[in-house]
2 protein chains.
Amino acid sequence: METRRTKQQQSIREVLAEAGRPMSVQEVFDAALTSVPTIGLSTVYRTIRRLAEQGEIAAVAVPGQPDRYELADVAATHHHHFHCTECDRVFDVRGCVGGLDRMLPPGFKLRGHELTLSGVCGGCAAR
Amino acid sequence: METRRTKQQQSIREVLAEAGRPMSVQEVFDAALTSVPTIGLSTVYRTIRRLAEQGEIAAVAVPGQPDRYELADVAATHHHHFHCTECDRVFDVRGCVGGLDRMLPPGFKLRGHELTLSGVCGGCAAR
DNA sequence: CCGCACAATGACAAGGATTCTCAATAACGG
DNA sequence: CCGTTATTGAGAATCCTTGTCATTGTGCGG
């Protein structure tokens, strides 16, 4: 089961890398179309799922909307997210919080956490 | 446009109130069936959506899974969530974090935040 | 440089979740 | 008790995601 390098996967990674923010599958698909006009939506779903399973990208959930994804090396640089309720885009924000394990009941084991701030982004607030 | 009191809506609220944790639509439906055996899935979706729009319940997102919902008065008592990666249930946890607005870029306006811890719950850890 | 094996693709079918549609039901004011 | 009409339940329709499969094209060995 070797792994082969294709322009489709290359494109998807580039899109995610250049975006600098978590993107939905549809967003990735639209962006990838400009560099690989024949790419199929299935391929984007497949590739993103595989990257997620391999831990190369991380999923970000927003209530009522499809998941977004971002590169794991970004995710590894511990940070969190900001969801603009106006334009529905998601941004990365730096910084974190501590003492989380103290919030848990006895017997619970903490493995990770995800903080999503919400409000209005700079662009939307300006208008 | 008056609002009428029905046993279906009553049941859905009771289920959410008694659960004490965020539930998916399917979970609410299953639980509501015991008190109102004829209730339809459509009604549960409709009612939950309306309650969410009215701000009576709040949505909780988990990557790759349908949203969960909990009563707003619970949500108002500021708290957060713990997602067990073993049994996939979501629990409420007390406590919070501060200084979040300092994490935002200039021009961004913070209106709310959602913290989701993940790991293994007490029950699953015991086994 | 060529050809083969098979991983990856793209188009479409299939599946699951959620919303929509509409005739039938049942609150609630009169 | 009656009529109005909000609400319901069943199923169709829609959206998002995964599965299927013939075709394509990568990477290796010759």
Side-chain angles (χ1 to χ4, degrees), chain A residues 1-16 19 22-70 83 88-90, chain B residues 1-16 19 22-70 83 88-90:
Chain A
M1 184 192 68
E2 82 195 89
T3 293
R4 295 176 184 176
R5 244 171 69 60
T6 67
K7 65 192 67 166
Q8 288 86 341
Q9 293 178 25
Q10 175 66 25
S11 168
I12 290 170
R13 280 177 203 227
E14 284 175 7
V15 166
L16 285 170
M23 300 179 81
S24 68
V25 171
Q26 192 63 49
E27 284 178 316
V28 173
F29 176 62
D30 293 340
L33 275 179
T34 69
S35 60
V36 186
T38 64
I39 197 171
L41 185 54
S42 304
T43 298
V44 180
Y45 271 107
R46 240 184 327 235
T47 303
I48 285 182
R49 181 151 51 100
R50 189 141 62 99
L51 291 175
E53 285 169 354
Q54 292 172 180
E56 288 201 49
I57 62 179
V60 180
V62 177
Q65 297 188 33
D67 288 351
R68 319 295 172 89
Y69 300 87
E70 71 183 345
H83 172 218
D88 266 343
R89 283 186 301 176
V90 175
Chain B
M1 184 191 73
E2 82 196 272
T3 294
R4 295 176 184 176
R5 244 168 72 56
T6 67
K7 65 192 66 163
Q8 288 88 341
Q9 293 178 27
Q10 176 65 26
S11 168
I12 289 170
R13 281 176 204 228
E14 283 175 9
V15 165
L16 285 169
M23 301 179 79
S24 67
V25 171
Q26 192 63 50
E27 285 178 316
V28 172
F29 176 62
D30 293 340
L33 275 179
T34 68
S35 60
V36 186
T38 64
I39 197 170
L41 184 54
S42 305
T43 298
V44 180
Y45 271 107
R46 238 183 329 232
T47 303
I48 284 183
R49 183 151 51 100
R50 189 140 63 99
L51 290 175
E53 286 171 353
Q54 293 172 180
E56 288 201 49
I57 62 178
V60 181
V62 177
Q65 296 189 34
D67 289 351
R68 319 296 171 88
Y69 301 86
E70 71 183 343
H83 173 219
D88 266 342
R89 282 186 301 176
V90 175

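Chain letters run A, B, ... following the sequence lines, proteins first and then strands; every chain starts at 1. Quick caveat, the model's predicted, so the values are computed rather than measured.
A straight line from CD of A:Q10 to P of C:dA8 spans 15 Å, rounded to a whole angstrom. A:Q54 places its CD atom 14 Å from the C1' atom of C:dA8, with the value rounded to the nearest Å. The interatomic distance linking A:E27 (CD) with D:dC16 (C1') rounds to 15 Å, in whole Å. The CZ atom of B:R68 sits 12 Å away from the P atom of C:dA17 (whole-angstrom rounding). Atom CG of B:L33 is separated from atom P of D:dA10 by 10 Å (rounded to the nearest Å). In this structure, A:E53 places its CD atom 12 Å from C1' of D:dT18, rounding to the nearest Å. Taking atom CG of residue A:L41 and atom C1' of nucleotide C:dA14, one finds them 15 Å apart after rounding to whole Å. Distance, A:R50 CZ to D:dT17 P: 19 Å, rounded to whole Å.
Among the protein residues, B:R49 comes within range of the sugar-phosphate backbone only, with heavy atoms under 4.0 Å from sugar or phosphate atoms but none that close to a base. Contact annotation for A:Q26: no contact, since no heavy-atom pair falls under 4.0 Å across all strands.
For D:dG11, the base has a donor-acceptor partner in the side chain of B:S42 [N/O atoms by modelled type, under 3.5 angstrom]. Contact of B:R46 with D:dG9 (side chain to base): a donor-acceptor pair of N or O atoms is detected under 3.5 Å.
Within the 4.5 Å cutoff, side-chain heavy atoms of A:R13 are placed close to those of A:L51. In this structure the side chain of A:V25 never reaches within 4.5 angstrom of the side chain of A:D67, judged on heavy atoms. Counting heavy atoms from C-beta outward, A:E56 and A:R50 have side chains that stay 4.5 Å or more apart. Within the 4.5 Å cutoff, no side-chain heavy atoms of A:R4 are placed close to those of A:Q9.
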Pick out the pairs of N or O atoms, protein on one side and nucleotides 25-29 of chain C on the other, that lie under 3.5 Å.
{"from": "C:dA27", "atom 1": "N3", "to": "B:R4", "atom 2": "NH1", "distance (Å)": "3.1"}
{"from": "C:dC28", "atom 1": "OP1", "to": "B:R5", "atom 2": "N", "distance (Å)": "2.9"}

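Atom CD of A:Q8 sits about 12.0 Å away from atom OG of A:S42, to the nearest 0.5 Å. A distance of 10.5 Å separates NZ in B:K7 from CD1 in B:I39, rounded to the nearest 0.5 Å. Note: A:I12 CD1 to A:I57 CD1 = 9.0 Å, rounded to the nearest 0.5 Å.
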- request: Any chance you could lay out the salt bridge (charged side-chain N to carboxylate O under 4.0 Å, His left out) test for B:E70 and B:R68, step after step, and finish with the verdict?
  value: CA-CA 7 Å; B:E70 71 183 343; B:R68 319 296 171 88; over 6 Å; no

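Using modelled atom types and a 3.5 Å distance limit, the side chains of B:R46 and B:T43 yield a donor-acceptor pair.
Remark on DNA chain C: of its neighbouring residues B:D67 and A:I39, the 5'-side contact belongs to A:I39, judged by nearest-heavy-atom nucleotide.
Taking only side-chain atoms of A:Y45, from C-beta outward, the nucleotide of D:dT18, C:dA8, D:dT7 with the closest atom is D:dT18.
One axis for each end of the helix from C:dC1-D:dG30 to C:dG30-D:dC1, each built from five base pairs, and the angle between them comes to 30° at 10° resolution.
Distances shorter than 4.0 Å separate none of the side-chain N or O atoms of A:Q9 from OP1 or OP2 on C:dA7.
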